[in-house]
2 protein chains.
Amino acid sequence: MNQEEQQFLENYNAEQYWKPSVTADIAVFAIQREAGATYRLDPKKKLCLLLIKRGAPPFKDCWALPGGFLRETETMTECAARELYEETGAEATVLRHIGVFSGLKRDPRTRVISNAFLSVLSEEKLENMKIAAGDDAAYAGWFEIQFTQGKKGEYLLTLQHDDIKIYSSMKKIKNKYGMTEFKILKNGGFAFDHAEIIASAITHLRYETKHFELIFDFLPEKFTLSDLQEIEERVSGKTLLASNYRRKAENFLTQTGEMTNGFGHRPARLFTRKK
Amino acid sequence: MNQEEQQFLENYNAEQYWKPSVTADIAVFAIQREAGATYRLDPKKKLCLLLIKRGAPPFKDCWALPGGFLRETETMTECAARELYEETGAEATVLRHIGVFSGLKRDPRTRVISNAFLSVLSEEKLENMKIAAGDDAAYAGWFEIQFTQGKKGEYLLTLQHDDIKIYSSMKKIKNKYGMTEFKILKNGGFAFDHAEIIASAITHLRYETKHFELIFDFLPEKFTLSDLQEIEERVSGKTLLASNYRRKAENFLTQTGEMTNGFGHRPARLFTRKK
DNA sequence: TAAATAGTGTCTCTAAGACAATATCTC
DNA sequence: GAGATATTGTCTTAGAGACACTATTTA
């Protein structure tokens, strides 16, 4: 750096310009087992998303994604990982940047630019984590998530946890510049524009698992083809033919030589992610 | 909004938290014709990117993407469109969000979070635009862009405009959380981390044109299949077999019934983008 | 042996890559 | 007619979807 640059920097006053607040919000997904399994019947799985009940205004008592303000000492990605850890006790193994949400009125407190991230937790991590309550978080919970398309083409997002049901109806639009966005038509219980963020996140997640990315992060080191397929089915919301899915999946897998056992049906081979 | 929320908002002080500066940077691509055409020989095309020579520190005399600070009254996307217009006189027809760049030291002045966008200008728009100089922009120019992979797997970015040549060597890495990023190994003339942003932008552009998105924005309303194919070739950096490309492309095209004429070779059908 | 899940094989259809061959314009 | 580009057709291969069938465990 030469003298001119040095001098410039010393005289530079960053406070002269307006600045927005910047946050990271994280959509954390995990697969959980449903009850009702027997020695013979395997447990069904469900796709879940972590939400936090807001204990303070704005949107008090609404449900929000974990997240918080960017600090001076961290990148956006580090911020996402830190906030996730602080609010849930879970250390993120994977993160993906989903998009930026910068609507003028999305937070009534002040102008907030939110960088949305996506993360996936394995069942193993799920069991070890404590769901911690942050300073303005009253309660956190895992909600079974459903994201489907209605008859008129609208998108329906439904999150359910025991008797708590949160929903939103959205449409997919292209904005003035051809960018695809979800727009909320009805909002039942989500804080801020988080329904839109969640819709973007699951769309992104579906794309990745379809291409055998992120899907292994739901699973332990060793797993069966049925495990893998059921996750793909829960994420995509579609049922698949086992023989065809097997054929595709095997390109991404290595056999361990081990088998499952102890169930009231044929044992299955255990696989690992290839290389 | 109830009384509790109302009261909360009145007491809320946004100034108590640290905030970063937020900018939009835009990678604008266009196709330009090369000289050397005759009645018989059609002009070759080249893919170009708009860069601005910085007239003030930091990175004085280096080349940067057009961009600037987010204002209170606009979204990130609106900011990108405005900055593009102010610095080039071009009204964006399309924009795509590429990613967020939030490294701690990416701007020596102060902490700056940059939201990167991608845009495409048609040859028509290109001819009508004046390249305007902004307050800290000394000069702007269209650079022929090349982005290739070297023998050791490294990525080479070369931008050329007359006798000005800017380059960077990068590697593609997965960060701690599995996110794909470009990391600069050598930097010859780019300001900030803009080489990384450009690498991300062209990677994104290649993905889109391959799927017949954004590619039509390079072209006028009516165009030939050869026009379309040559753009795909310049963007992707690969040559394609005309018969095969035609087969794929026709799914996205409508015939106009019109033909080109006046060239020293067989006339071609003019197509439009389907619906 | 019934219930439940695991795994194999095969037929069809579509899409993509390679490439040969033909068509049509201007000078 | 030569040069240049446009257009059509065909052969082959890879992959996906549908579906029939076989295998292996436990109470």
Side-chain angles (χ1 to χ4, degrees), chain A residues 33-45 206-207 209-212 219 222-234 236-272, chain B residues 33-45 206-207 209-212 219 222-234 236-272:
Chain A
R33 289 200 191 93
E34 284 188 351
T38 66
Y39 84 93
R40 168 157 281 171
L41 210 57
D42 287 355
K44 297 300 166 203
K45 292 170 177 167
R206 284 176 174 174
Y207 178 86
T209 61
K210 191 175 180 180
H211 296 83
F212 295 92
L219 288 163
K222 297 171 187 173
F223 51 84
T224 68
L225 267 166
S226 299
D227 288 339
L228 192 69
Q229 180 178 341
E230 202 180 347
I231 289 175
E232 178 57 25
E233 290 184 338
R234 293 302 156 269
S236 69
K238 292 173 185 167
T239 55
L240 303 167
L241 292 176
S243 53
N244 295 338
Y245 189 71
R246 166 178 302 266
R247 194 172 46 202
K248 261 198 299 187
E250 276 176 339
N251 300 323
F252 300 92
L253 301 178
T254 309
Q255 289 199 24
T256 61
E258 297 170 54
M259 308 280 285
T260 59
N261 62 62
F263 301 102
H265 53 72
R266 181 173 173 175
R269 296 189 193 154
L270 285 167
F271 293 85
T272 332
Chain B
R33 289 200 190 93
E34 285 188 350
T38 67
Y39 83 95
R40 166 159 283 171
L41 211 56
D42 287 355
K44 297 300 166 204
K45 292 170 177 169
R206 283 175 174 175
Y207 177 85
T209 61
K210 191 175 181 181
H211 296 83
F212 296 92
L219 288 164
K222 297 170 186 173
F223 51 85
T224 68
L225 267 165
S226 299
D227 287 338
L228 192 69
Q229 180 179 341
E230 202 180 348
I231 290 175
E232 178 57 26
E233 290 183 339
R234 292 302 156 272
S236 69
K238 294 173 183 164
T239 55
L240 302 166
L241 293 176
S243 52
N244 296 339
Y245 190 71
R246 165 178 303 268
R247 194 171 45 201
K248 262 198 298 188
E250 276 176 339
N251 300 323
F252 299 91
L253 302 177
T254 310
Q255 288 200 24
T256 63
E258 296 168 55
M259 308 279 286
T260 59
N261 62 63
F263 301 102
H265 53 72
R266 179 171 173 177
R269 295 192 194 154
L270 286 167
F271 294 84
T272 331

Between atom CG in A:Leu241 and atom C1' in C:dC11, what is the gap in whole Å? 14 Å
Report the distance from atom CG of A:Asn261 to atom C1' of D:dA27, rounded to the nearest whole Å. 16 Å
Would you be so kind as to tabulate the donor-acceptor pairs closer than 3.5 Å made by side chains of residues 244-257 of chain A, with sequence neighbours excluded?
unit_1, atom_1, unit_2, atom_2, d
A:Asn244, OD1, A:Arg247, NH2, 3.3
A:Asn251, ND2, A:Lys248, O, 3.3
A:Thr256, OG1, A:Glu258, N, 3.1
A:Thr256, OG1, A:Leu270, O, 2.7

Taken to the nearest whole Å, CD/B:Gln229 to C1'/D:dT7 is 12 Å
A:Ile231 side, atom CD1; A:Thr209 side, atom OG1 - distance, nearest 0.5 Å: 9.5 Å
Please give me the minimum heavy-atom distance between A:Ala37 and A:Asp42, naming the atom from each residue. CB-C, 4.1 Å
If I compare all heavy atoms of B:Thr38 with all of B:Leu41, which pair ends up nearest, and what's the gap? OG1-N, 2.9 Å
Atom pairs under 3.5 Å: protein N/O with N/O of nucleotides 12-14 of chain D:
none

Whole Å only: how far is the CZ atom of B:Phe263 from the C1' atom of C:dC27? 15 Å
If the sugar-phosphate is the primed atoms plus P, OP1 and OP2 and the base is the rest, what is the B/S/- string for nucleotides 1-9 of chain C, using protein heavy atoms under 4.0 Å? -BBBBBSBB
Quick one: pull up CG in B:Leu228 and CD in B:Glu233 and give me the separation to the nearest 0.5 Å. 10.5 Å
Between atom OH in A:Tyr245 and atom C1' in D:dA18, what is the gap in whole Å? 18 Å
Between A:His265 and A:Phe263, what is the ring plane arrangement, given parallel below 30°, perpendicular above 60°, and tilted in between? parallel
How far apart are the closest heavy atoms of B:Thr260 and B:Pro267, and which atoms are they? O-CB, 3.1 Å
Roughly how many Å is it from CD in B:Glu232 to C1' in C:dA16, rounded to a whole number? 14 Å
So which atom in B:Glu34 and which in B:Pro43 form the shortest heavy-atom distance, rounded to 0.1 Å? O-CB, 3.7 Å
To the nearest Å, give me how far apart NZ (B:Lys210) and P (C:dA16) are. 10 Å
